[in-house]
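Remarks on the structure that follows.
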Amino acid sequence: MNVVTAIVRRILSILVTLLGVSVIIFVILRLLPGNAVSASMGVSEGLLSKAQVAALNQYYGVGQPVLEQYFSWLHALLHGNLGVSLSQQKSVSYLVGLDLPVTLELAFFSMVLGVLIGVGFGMWSALHPGRWQDNIGQVVAVVGLAIPAFVLGQSLVVYMSTKFHYFPSSLTFVGFFSNPWLNFQQIIFPSIVLSLGIGAAILRTTRGAVLEVSGLNFARTALGKGVSRRAFVWRHLFLNSLTAVVTMSGIQLGYLLGGTVIIERIFVLPGMGNLLITAIKNQDYPLVQSVTLVFAAGFVIVNMLVDLAYSLIDPRTRRRSA
Amino acid sequence: MSGPLLEIRDLHIGIARRHRNDEIVRGVDLAIEAGEKWGIVGESGSGKTLTMLSVLRLLASPPLSVLRGEIRFDGEDLAHVDDRRLREVRGGDIAMVYQDPMTSLNPLLRVGRQLEETLKAHGASPAQAQARTRDVLRQVGLSDPERVRTSYPHQLSGGMIQRVMIAMALATSPRVLIADEPTTALDVTIQRQILELVTALQASTGMAVLWVTHDLGVVASLVDKVAVMYAGRIVEKAHTTRLFEHPTHPYTKALLESLPGAGSAHRSALHQIGSTPPDPTRLGAGCPFRERCPYAVDQCASSEPALMDRGQGSFAACWKEPSQW
Ligand SMILES: Nc1ncnc2c1ncn2[C@@H]1O[C@H](COP(=O)(O)OP(=O)(O)O)[C@@H](O)[C@H]1O
Ligand code: SF4
Ligand SMILES: [Mg+2]
């Protein structure tokens with residue numbers, strides 16, 4: 001099997017997954033009490049122009065059989081049309097375009113911090129098993145896993161605003177490109193909050209994997225060859241623990257997409273999580289439906305990246321082109 | 001520096017269990033002169049691998065640790081050298097081929113990179129390392145060094161991996177090569193080739209070789225001297241020819257009789273020995289071989305014999321001289 005076939009297969013499997021997800025989202029929303037779409041349409045209809053109502057009816061296939069409703073949504077999706085928000089009277093693509101960068105930035109900083117904490121303390125622990133360094137690592141892991149992000153986030157907000165009268169998020173959120181420094185202040189605290197849980201999970205995985213690899217024969221070979229400490233630790237121990245670390249990071253990144261919903265609320269960040277909550281509160285089902293699909297696409301892409309990383313790290317998982 | 005090149009003195013290795021520290025290797029003495037070829041022979045579980053690993057301070061600790069004894073390389077006490085010197089000795093002065101070659105290479109790095117890593121750790125430039133890697137791969141009989149260099153371990157056969165491991169050990173021209181059962185996993189033809197290969201390389205480099213095996217037959221034509229291990233001790237040490245003609249320990253005699261080609265009358269003696277060696281941690285007083293020894297007397301149950309001079313370079317840990325058997 002050659003590279004092109006492999007990539008085509010990958011993309012096909014992603015599309016099939018997303019197709020399944022779209023079915024699930026569609027079905028769940030219609031199982032919600034009160035026939036969600038038509039109910040909310042009824043409420044909001046007066047706010048929309050005739051043309052918008054017509055477009056919406058077309059988009060959601062109102063008045064048509066359920067199966068046709070699904071296919072008309074799917075048809076629009078395939079043409080890049082995420083629909084129109086009922087409560088905000090804007091296209092969903094436009095709203096997502098505004099809010100997705102905020103969530104991506106939050107996810108990026110949280111992951112970077114989480115990986116640094118996790119790999120850093122995890123390696124430190126694993127290289128000194130049973131010693132005080134290991135104990136510190138274990139404390140970090142327990143604390144990080146035991147304190148829920150919303151408790152920590154809420155406490156941090158209260159503490160900072162009462163103690164220091166400092167609360168960057170009370171200002172309107174600014175994008176990175178308009179004011180990087182203020183943007184950083186606004187994004188860093190929620191990122192720290194999210195990174196602790198991520199870091200704790202990655203810490204445990206790193207520690208466990210490195211300890212296991214230390215006991216394998218090739219680790220002994222590397223020591224016996226007289227390679228430097230640094231080469232031994234990173235090229236032999238860490239490299240062979242990396243697939244485990246990447247897997248755990250992928251899982252955490254997946255959770256993170258859910259975690260941002262609460263944290264964006266607490267820190268008043270206009271990201272995808274806030275968009276979703278607002279949409280649910282306003283019974284803006286078209287928005288809920290499409291935002292959920294964007295989250296799902298995020299999960300699928302993360303999984304794909306993990307798989308890709310696997311094949312880059314471990315030659316045994318690469319298929320031969322014979 | 002006068003004295004042996006590598007000397008193991010009164011080596012004791014213990015394993016930490018829940019409430020006690022069991023001794024697995026119980027006082028091994030071995031002196032290897034420069035250029036000497038030794039066979040270290042004994043049933044599996046007799047402590048050969050642990051003894052060899054402790055030379056390079058590679059015991060898995062915990063649970064294993066050296067309880068007592070000294071390892072000297074060229075007079076230098078290896079237990080007390082600093083990390084930097086230890087890294088020089090490891091893979092530089094003393095190189096080891098490990099017992100389980102298939103799992104002894106890093107699965108994520110190309111073979112060439114792993115060889116070059118060794119060479120660079122011992123002072124070679126990247127270009128030198130690459131050239132030397134090609135040479136040494138060819139030397140161990142790998143006909144397509146370029147392919148091997150760029151392969152990952154899982155892409156090579158067991159025989160090729162074993163050659164790679166030998167190449168990696170030889171690349172730095174060590175003064176001592178420790179080969180721990182390097183042919184056990186291989187079929188007979190490849191075994192033969194590897195034995196001849198190491199013999200030839202030894203002859204051209206003059207390094208000392210410690211050839212570890214559970215099969216006395218394998219080393220017969222290969223080594224100058226043999227140390228026979230049993231239950232964590234050396235029970236006989238002798239020149240190879242002398243050992244084969246006049247074994248001075250009943251266990252050695254039994255090993256010889258169990259070799260293929262020994263007379264059929266003798267082969268029955270093998271069955272008397274039985275197949276299970278004792279657990280070195282549950283020995284009690286007395287000679288550890290007594291349960292399986294046809295010559296055991298009362299004294300054998302009460303105290304354990306030390307190595308005694310049997311003349312002509314032979315030493316045996318047995319209360320009874322061969323003339324009394
Ligand atoms: N890492 C370890 N943990 C516990 N026991 C071990 C370990 N390594 C070796 N042993 C035990 O020590 C004894 C000697 O082992 P070894 O030196 O490998 O013997 P040989 O190489 O002669 O077959 C064996 O009984 C083995 O079970
Ligand atoms: S000491 Fe006794 S039991 Fe041990 S080998 Fe000699 S004769 Fe046999
Ligand atoms: Mg062994």
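Predicted model, so just to flag it, every value in this text is computed and none were measured.
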**Request:** With Met229(B) as reference, evaluate Glu43(B), His214(B), Lys48(B) under the side chain to side chain contact (heavy atoms under 4.5 Å, CB included) test and give the passing residue.
**Result:** Lys48(B)
**Request:** Locate the shortest heavy-atom distance separating Pro126(B) from Lys120(B); write the atom from each residue and the value.
**Result:** CA-CE, 4.0 Å
**Prompt:** Checking Gln114(B) against chain A: side chain, backbone, both or neither under 4.5 Å from a heavy atom?
**Reply:** both
**Request:** Output the option from Thr172(B), Val89(B), Leu105(B), Val97(B) having the highest count of non-hydrogen pairs under 4.5 Å with chain A.
**Result:** Leu105(B)
**Asked** Contact part of Leu239(A) toward chain B, heavy-atom cut-off under 4.5 Å: side chain, backbone, both or neither?
**Response** both
**Request:** Would you check if the side chain of Glu70(B) reaches a backbone N or O of Asp77(B) as a donor-acceptor pair within less than 3.5 Å?
**Result:** no
**Fill in**
Whatever's closer than 4.5 Å to a heavy atom in chain A on Arg57(B) counts as neither
**Item:** Under 4.5 Å from any heavy atom of chain A - which part of Leu53(B)
**Value:** side chain
**Request:** Could you look at Ile313(A) and say if it's the side chain, the backbone, both or neither that has a heavy atom under 4.5 Å from chain B?
**Result:** both
**Message:** Below 4.5 Å, heavy-atom pairs only: which of Met168(B), Glu88(B), Met96(B) has the largest tally toward chain A?
**Reply:** Met168(B)
**Item:** Atom group of Leu108(B) that falls short of 4.5 Å from chain A, counting heavy atoms
**Value:** both
**Complete:** Given Ala60(B), Pro153(B), Ser104(B), the one with more heavy-atom pairs under 4.5 angstrom with chain A than any other is Ser104(B)
**Asked** So, does Thr103(A) use its side chain to make a donor-acceptor pair with the main chain of Met272(A) at under 3.5 Å?
**Response** yes
**Message:** Treating Gln155(B) as the side-chain partner and Tyr152(B) as the backbone partner, does any N or O pair qualify as donor plus acceptor under 3.5 Å?
**Reply:** yes
**Complete:** Comparing Gly224(A), Ser228(A), Ala222(A) against chain B, the one with the most heavy-atom pairs below 4.5 Å turns out to be Gly224(A)
**Asked** Do other residues, nucleotides or ligands put more than 12 heavy atoms under 6.0 Å from Tyr98(B) OH?
**Response** yes
**Prompt:** Quick check: does any side chain N or O of Arg132(B) sit under 3.5 Å from a backbone N or O of Ala171(B), one acting as donor and the other as acceptor?
**Reply:** yes
